[in-house]
Participant: 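Below you'll find the structure I mean.
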Amino acid sequence: MSPEPYVKRPGWFTNKVLNRTVSWLSRRGVSLVGSRVLAVKGRKSGEWRRTPVNPLHHEGGLYLVAARGHVQWTRNMRAAGGGELFHGRRGRHFTAAEVPDAEKPEILRAYLRKWKWEVGAFFEVGPDSSDEEIRAVADRHPVFRVTLTD
């Protein structure tokens, strides 16, 4: 039997206060360092699920990184193959493809350079870690390459 995928569950404060505040602000067009609200259809319910995310623009690509591991939005994204990113009331449709672990080191490094102050506690590595150290934890942090369709 394979081990359970890595998941770092949010605490009460993050879940009930921080995520709701960031989502509320983003829905009103106020972005915290580029945050957006991700909407993706639930893989079982088919209902839209929303969560705040930090999209990363890196070397001409747009990426979504799951700092907390294989959480619900990553599982839904794999099933749906895309969703919408909202800033204010404006949503942008996108398709998403999961990035293989071997391609993640530079993306994760760039993500940590930008958001270590917010998400660093969920990673065992930092922006100055070696490629080998980052590769060792890459399977714990799904990354999706996003292609905007509108």
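Note that the structure is a prediction, hence the values are computed from the model and not measured.
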Participant: For Gly126 and Ile134, work out which heavy atoms get closest and say how close.
Facilitator: O-CD1, 4.2 Å

Participant: Check whether any side-chain heavy atom of Arg109 sits under 4.5 Å from a side-chain heavy atom of Asp131, and report yes or no.
Facilitator: yes

Participant: If you look at every heavy atom in Thr74 and Gly69, which pair is closest and at what distance?
Facilitator: CG2-O, 3.7 Å

Participant: Hey, are the side chains of Leu85 and Leu38 touching, using non-hydrogen atoms and a 4.5 Å cut-off?
Facilitator: yes

Participant: Kindly compute the distance separating OG (Ser129) from CG (Leu112), expressed to the nearest 0.5 Å.
Facilitator: 8.0 Å

Participant: For Ser45, check side chain to side chain donor-acceptor pair (under 3.5 Å) against everything at least two apart and list the hits.
Facilitator: Arg49

Participant: List the steps, then state whether side-chain contact (heavy atoms from CB on, under 4.5 Å) holds for Val53 with Thr51.
Facilitator: CA-CA 6 Å; Val53 293; Thr51 191; 4.1 Å; yes

Participant: Side-chain contact test, heavy atoms from C-beta onward, threshold under 4.5 Å: evaluate it for Thr147 versus Phe94 and give yes or no.
Facilitator: no

Participant: Can you find a pair of side-chain heavy atoms, one from Val65 and one from Asn54, that are under 4.5 Å apart?
Facilitator: no

Participant: Ignoring hydrogens, what is the shortest heavy-atom contact between Arg43 and Ala79? Give both atom names and the distance.
Facilitator: CB-CB, 3.5 Å

Participant: What are the two closest non-hydrogen atoms of Leu56 and Ile107, and how far apart are they?
Facilitator: CD2-O, 3.5 Å

Participant: What pairs of donor and acceptor atoms, side-chain ones from residues 137-144 against any protein atom, are under 3.5 angstrom apart with sequence neighbours left out?
Facilitator:
residue: Arg140; atom: NH1; partner: Glu124; partner atom: OE2; Å: 2.9
residue: His141; atom: ND1; partner: Ala66; partner atom: O; Å: 3.4
residue: His141; atom: ND1; partner: Ala67; partner atom: O; Å: 3.0

Participant: Is there any ring-ring contact (aromatic ring centres under 6.0 Å, His included) pair reaching into residues 40-64, and which pairs are they, with sequence neighbours excluded?
Facilitator: none

Participant: Would a distance-only check, ignoring hydrogens and angles, find a side-chain to backbone donor-acceptor pair under 3.5 Å from Glu103 to Pro100?
Facilitator: no

Participant: Quick one: which of Leu148, Leu62, Val146 gives a side-chain contact (heavy atoms from CB on, under 4.5 Å) with Arg92?
Facilitator: Leu148

Participant: Is a donor on one side and an acceptor on the other found under 3.5 Å between the side chain of Trp73 and the backbone of His70?
Facilitator: no

Participant: Quick check for you: to the nearest 0.5 Å, what is the distance between Glu84 atom CD and Lys41 atom NZ?
Facilitator: 9.5 Å

Participant: Within this structure, what is the CG-NZ distance for the pair Asp128 and Lys116, rounded to the nearest 0.5 Å?
Facilitator: 7.5 Å

